[in-house]
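Since the structure comes first, as structure tokens, the remarks are kept for the end.
Keep in mind that what you see is a predicted model, and the values were worked out from it rather than measured.
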Amino acid sequence: MLRRFRFKMLLIVIIISVVLLPFIFVSSKLSSLEKEVVVYLMERGYGEEEIGNTETAFGKLPTYSVWVTFADEPQFKYQYIKSGDRVMQLSYTVTNIGRNAGIDVFEYDEGELNHLE
């Protein structure tokens, strides 16, 4: 009877581990990337108060990314990824604030974007 109980408990622990470990791994990876992006931006002269909001994303490609909305430019958010040892900006999009202001990403003059490299 005790042997059967131990087997069931071991099976439950294994099942829970198999289900939870991927979530823990992804969460850890996203948190790490978010910190690296903030450090990257601060090394380029942005203060913490200038980095308004960061959102992590897990998707198909790129698998892990961070979207940054700068405090002085809430109408856009910029996507950052890590490739090898480099953090780099991948793309940008218009936020709801920008859409409500009538900004269309395809009509916006890229010369006016302050944060694109």
Side-chain angles (χ1 to χ4, degrees):
M1 193 69 150
L2 185 59
R3 200 169 239 227
R4 182 176 259 178
F5 176 74
R6 285 184 182 169
F7 178 74
K8 285 182 181 179
M9 290 305 293
L10 180 62
L11 191 60
I12 288 171
V13 168
I14 290 171
I15 290 171
I16 289 173
S17 295
V18 167
V19 170
L20 289 181
L21 284 178
F23 290 107
I24 293 169
F25 175 77
V26 169
S27 176
S28 170
K29 188 88 167 162
L30 288 171
S31 177
S32 174
L33 178 60
E34 184 175 26
K35 288 175 188 172
E36 288 182 58
V37 167
V38 170
V39 167
Y40 168 83
L41 292 171
M42 292 177 83
E43 286 173 350
R44 275 144 188 79
Y46 294 99
E48 281 187 56
E49 66 283 347
E50 293 175 285
I51 304 169
N53 184 35
T54 59
E55 303 170 37
T56 58
F58 176 72
K60 292 179 182 176
L61 286 177
T63 307
Y64 308 101
S65 64
V66 176
W67 287 91
V68 178
T69 305
F70 293 93
D72 66 340
E73 201 172 41
Q75 63 273 26
F76 295 100
K77 61 182 179 179
Y78 301 87
Q79 184 181 31
Y80 290 86
I81 62 168
K82 186 171 182 183
S83 178
D85 291 342
R86 274 182 55 198
V87 171
M88 60 182 163
Q89 184 181 332
L90 182 64
S91 66
Y92 71 97
T93 189
V94 177
T95 64
N96 287 337
I97 293 171
R99 279 188 212 94
N100 291 340
I103 297 173
D104 183 356
V105 72
F106 299 110
E107 295 175 2
Y108 200 75
D109 178 14
E110 283 191 25
E112 296 180 31
L113 297 177
N114 299 330
H115 302 291
L116 284 179
E117 295 179 14

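Inter-residue side-chain proximity for W67 and T93 is flagged as met; some heavy-atom pair is nearer than 4.5 Å. Residues L41 and F70 form a side-chain contact, since some pair of their non-hydrogen atoms from C-beta on lies under 4.5 Å apart.
Residue pairs meeting the side chain to side chain donor-acceptor pair (under 3.5 Å) criterion with at least one partner in residues 54-65, sequence neighbours excluded, are E34-T54, S65-Q79. Each side chain to side chain donor-acceptor pair (under 3.5 Å) pair with one or both residues in residues 23-33, not counting sequence neighbours, appears once here: S32-E36.
Judged by distance alone, with hydrogens and angles left aside, the side-chain atoms of T69 form no donor-acceptor pair with the main-chain N or O of K77 at under 3.5 Å.
V87 and M42 fall within the same hydrophobic cluster, where Ile, Leu, Val, Met, Phe, Trp and Tyr residues are linked whenever their side-chain heavy atoms come under 4.5 Å apart, directly or through other members. At a threshold of 4.5 Å between side-chain heavy atoms, the hydrophobic network of Ile, Leu, Val, Met, Phe, Trp and Tyr places V68 and I97 in two separate groups. Linking ILVMFWY side-chain heavy atoms closer than 4.5 Å, directly or via other members, places Y78 and I103 in a single hydrophobic cluster.
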Handout entry: side-chain contact (heavy atoms from CB on, under 4.5 Å) between R99 and N96, intermediate numbers included
Key = CA-CA 5 Å; R99 279 188 212 94; N96 287 337; 2.7 Å; yes
Problem - Verdict with reasoning, Y80 to S91, per side-chain contact (heavy atoms from CB on, under 4.5 Å) - result: CA-CA 7 Å; Y80 290 86; S91 66; over 6 Å; no
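A distance of 11.5 Å separates CD1 of I51 from OH of Y40, quoted to the nearest 0.5 Å. Note that OH of Y92 is 10.0 Å distant from CD of E73, once rounded to the nearest 0.5 Å.
When hydrophobic side chains of Ile, Leu, Val, Met, Phe, Trp and Tyr are connected at separations under 4.5 Å, M88 ends up clustered with I81, L90.
Applying the side chain to side chain contact (heavy atoms under 4.5 Å, CB included) test to I14 and every residue at least two apart in sequence or in another chain returns L10, V18. In this structure L20 satisfies the side chain to side chain contact (heavy atoms under 4.5 Å, CB included) test together with I16, I24, sequence neighbours excluded. Remark: N100 engages no residue in a side chain to side chain donor-acceptor pair (under 3.5 Å) (not counting sequence neighbours). Taking the salt bridge (Lys or Arg N to Asp or Glu O under 4.0 Å) definition, one finds that E50 meets it with nothing, sequence neighbours left out. Under the side chain to side chain contact (heavy atoms under 4.5 Å, CB included) criterion, S17 pairs with V13, L21, not counting sequence neighbours.
Closest approach of F76 to T95, counting heavy atoms only: C-CG2, 3.7 Å.
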